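This one's a predicted model, so the numbers in the text were calculated from it and none came from an experiment. Computed over heavy atoms, backbone and side chain alike; hydrogens, waters and symmetry mates excluded.
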Amino acid sequence: MRKKIVAGNWKMNLQLNEAKQLLQEIKVLEKNVSDVKLIINPPALYISLFRELLENSVIALGAQNCSEHVSGAYTGEIAAQMIKSCGATYVIVGHSERRTYYHETNAIIAEKINRALASDLSPIFCCGELLSEREENNHFNVVEQQLKEGLFHLNENEIKNVVIAYEPVWAIGTGVTATAEQAQEMHAFIRKVLKEFYNEAVAQNCSILYGGSCNASNAKELFANPDIDGGLIGGASLKAADFLVIAQSF
């Protein structure tokens, strides 16, 4: 049975004291959440400290990115095995901001997926279309290509460790959200592609999250859909109370 997941992507926000305060607030509220996997993806600098602060918590830690390289002369990069050694168990790969601002290709993202899995990290693989691609009615083709080139080199055992997050790029940080119908349509399509390439069991056991401006006011409507298993939450994850409401929206 696939997991219900609410993952907070804090992006490049919060100084250390602010981040610690937010984490403590979320820890206080976590007891009010059941049957939902909570994941916090803070700036990488904070992961090691957060592991200590979450010692008696069920909240999981993730990183926002990892290098496609194992190690070496790549100044400023962070290897997947380093992230794992600091206490994280998840890593976001292929976020639209990485694709857009850092020109990450599907080939680069595929290598990052490999590095994550080799380091015993569960990737949260992001995929999604631009507004122009949706307006041209090409959104299904774009997402299918991202899946095939970024993920489908994995075997059946490997793909079981991957979480997929659908993030329509036109809804990231814009305050615009896909309608529940639009989100469900794409989630169902992703599950269909998984079934066609792998099998029904893989498709039905893969958690697919919605990642486009999901917040406390729309999470319940989004999560009510049969193929939406939770959310990859951006701005709303920076407020403990909002994050809790989202986690209680199933």
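Residue Val163 is not grouped with residue Val58 when hydrophobic side chains (ILVMFWY) are merged at heavy-atom distances under 4.5 angstrom, including chains of intermediate members. When hydrophobic clusters are built by joining Ile, Leu, Val, Met, Phe, Trp and Tyr residues whose side-chain heavy atoms come closer than 4.5 Å, directly or via intermediates, Leu22 is not grouped with Val28. Residues Ile124 and Val193 are members of separate hydrophobic clusters, defined by side-chain heavy-atom contacts under 4.5 angstrom among Ile, Leu, Val, Met, Phe, Trp and Tyr. By the rule that hydrophobic residues join a cluster once side-chain heavy atoms approach within less than 4.5 Å of another member, Val142 and Leu147 end up as members of separate clusters. Tracing side-chain contacts under 4.5 Å through hydrophobic residues (I, L, V, M, F, W, Y), one never reaches Tyr90 starting from Leu121; they form parts of separate clusters.
For the pair Ala171 and Ala178, the tightest heavy-atom approach, listed with the atom from each and the gap, is CB-N, 4.3 Å. Closest of all the heavy-atom pairs between Ala240 and Ile26 is CB-CG1, 3.9 Å. Counting all heavy atoms, side chain and backbone alike, Gly87 lies closest to Arg51 at CA-CD, 3.4 Å. Closest of all the heavy-atom pairs between Ala247 and Val6 is CA-CG2, 3.9 Å. For the pair Gly150 and Ile113, the tightest heavy-atom approach, listed with the atom from each and the gap, is O-CG1, 3.8 Å. Counting all heavy atoms, side chain and backbone alike, Ala63 lies closest to Ile47 at CB-CD1, 3.8 Å.
Contact annotation: the side chain of Ile39 never approaches that of Ile59 to less than 4.5 Å [non-hydrogen atoms, C-beta and beyond]. Side-chain contact between Cys214 and Leu222: present, with at least one pair of heavy atoms (C-beta onward) separated by less than 4.5 Å. With a 4.5 Å cut-off on side-chain heavy atoms, Thr89 and Leu61 do not count as touching. The shortest distance between side-chain heavy atoms of Asn161 and Asp120 does not fall below 4.5 Å. In this structure, the side chains of Leu151 and Pro123 stay at 4.5 Å or more apart for every pair of heavy atoms. Contact check for Ile228 versus Ile208: no side-chain heavy atoms found under the 4.5 Å cut-off. Contact of the Glu68 side chain with the Glu77 side chain is registered, since non-hydrogen atoms from C-beta on lie closer than 4.5 Å. Annotation: side chain of Pro43 is not in contact with side chain of Met12 (no heavy-atom distance under 4.5 Å).
Proximity of a side-chain donor or acceptor of Lys220 to a complementary backbone N or O of Ser217 within less than 3.5 Å is not detected. When atom types are taken as modelled, the side chain of Asn218 and the backbone of Asn215 share a donor-acceptor pair closer than 3.5 angstrom. The backbone N or O of Met82 lies less than 3.5 Å from a partner atom in the side chain of Ser85, making a donor-acceptor pair. In this structure, the side chain of Arg99 does not engage the main chain of Gly128 through any donor-acceptor pair within 3.5 Å. Of the possible donor and acceptor atoms, one in the side chain of Asn13 sits under 3.5 Å from a partner among the backbone N and O of Trp10. For the pair Ser122 (side chain) and Val162 (backbone), a donor-acceptor distance under 3.5 Å is absent. In terms of modelled atom types and a separation under 3.5 Å, the side chain of Ser67 and the main chain of His69 share a donor-acceptor contact. A donor-acceptor pair under 3.5 Å links the side-chain atoms of Asn41 to the main chain of Gly8, judged by distance alone. Proximity of a side-chain donor or acceptor of Tyr46 to a complementary backbone N or O of Leu16 within less than 3.5 Å is detected. A donor-acceptor distance shorter than 3.5 angstrom exists from the side chain of Glu18 to the backbone of Gln15, with no hydrogens or angles considered.
Between the side chains of Trp170 and Glu129, at least one donor-acceptor pair of N or O atoms lies under 3.5 Å. In the model, His95 has a side-chain atom that pairs as donor or acceptor with a side-chain atom of Glu167 under 3.5 Å. Asn199 and Glu156 form a side-chain donor-acceptor contact under 3.5 Å, judged by distance and modelled atom types alone.
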Set out, in order, the CA-CA distance, both residues' side-chain angles and the distance that settles side-chain contact (heavy atoms from CB on, under 4.5 Å) for Lys112 and Arg98, then state yes or no. CA-CA 12 Å; Lys112 292 189 175 195; Arg98 300 293 311 180; 4.1 Å; yes
Evaluate the side-chain contact (heavy atoms from CB on, under 4.5 Å) criterion for residues Val36 and Val33: first the C-alpha distance (whole Å), next the side-chain angles of each, then the deciding distance (0.1 Å), finally the verdict. CA-CA 7 Å; Val36 179; Val33 178; 3.7 Å; yes
Mind running side-chain contact (heavy atoms from CB on, under 4.5 Å) on Gln24 and Leu53 for me, showing each step along the way? CA-CA 8 Å; Gln24 293 294 351; Leu53 297 176; 4.0 Å; yes
Evaluate the criterion side-chain contact (heavy atoms from CB on, under 4.5 Å) for residue pair Glu111 and Val93; output intermediate values, then yes/no. CA-CA 10 Å; Glu111 285 301 315; Val93 176; over 6 Å; no
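Atoms NZ and CG, on Lys27 and Leu23 in that order, are 6.5 Å from each other to the nearest 0.5 Å. One distance of note links OG of Ser57 with CD of Glu55; it measures 11.0 Å at 0.5 Å rounding. Rounded to the nearest 0.5 angstrom, Ile5 CD1 and Asp229 CG are separated by 7.5 Å. Ser96 contributes atom OG, which lies 9.5 Å from atom CD of Gln146 (distance to the nearest 0.5 angstrom). Rounding to the nearest 0.5 Å gives a distance of 4.5 Å between CD1 of Ile233 and CD1 of Ile246. Here the straight-line distance linking atom CG of Leu232 with atom OG of Ser237 works out to 8.5 Å at 0.5 Å rounding.
Heavy atoms from other residues, nucleotides or ligands lying under 6.0 Å from NZ of Lys11 number more than 12. Shown here is Asn155, whose CG atom has more than 12 heavy atoms of other residues, nucleotides or ligands within 6.0 Å. The environment of NZ in Lys195 is sparse: at most 12 heavy-atom neighbours from other residues, nucleotides or ligands sit within 6.0 Å. Other residues, nucleotides and ligands contribute at most 12 non-hydrogen atoms within 6.0 Å of the CD atom of Glu221.
When the salt bridge (Lys or Arg N to Asp or Glu O under 4.0 Å) test is applied to Lys148, the partners found at least two apart in sequence or on another chain are Glu144. Listed by chain and number, the residues in a salt bridge (Lys or Arg N to Asp or Glu O under 4.0 Å) with Asp227 are Arg191 (sequence neighbours excluded). Residues that satisfy the side-chain hydrogen bond (donor to acceptor under 3.5 Å, both in side chains) test with Glu25, not counting sequence neighbours, are Gln21.
Side-chain heavy-atom separations under 4.5 angstrom define the hydrophobic clusters, and the remaining members of the one that includes Tyr102 are Tyr101.
Residue pairs satisfying the ring-ring contact (aromatic ring centres under 6.0 Å, His included) criterion with at least one member in residues 201-222, sequence neighbours excluded, are absent. Among pairs with a residue in residues 116-162, those fulfilling ring-ring contact (aromatic ring centres under 6.0 Å, His included) read Phe140-Phe189, Phe152-Phe197, Phe152-Tyr198, at least two apart in sequence or across chains.
Between Phe250 and Phe223, the ring-plane angle classifies as parallel under the 30° and 60° cut-offs.
Checked options Asn106, Ile109, Val169, Ile164; the residue passing with Cys127 is Ile164 (criterion: side-chain contact (heavy atoms from CB on, under 4.5 Å)).
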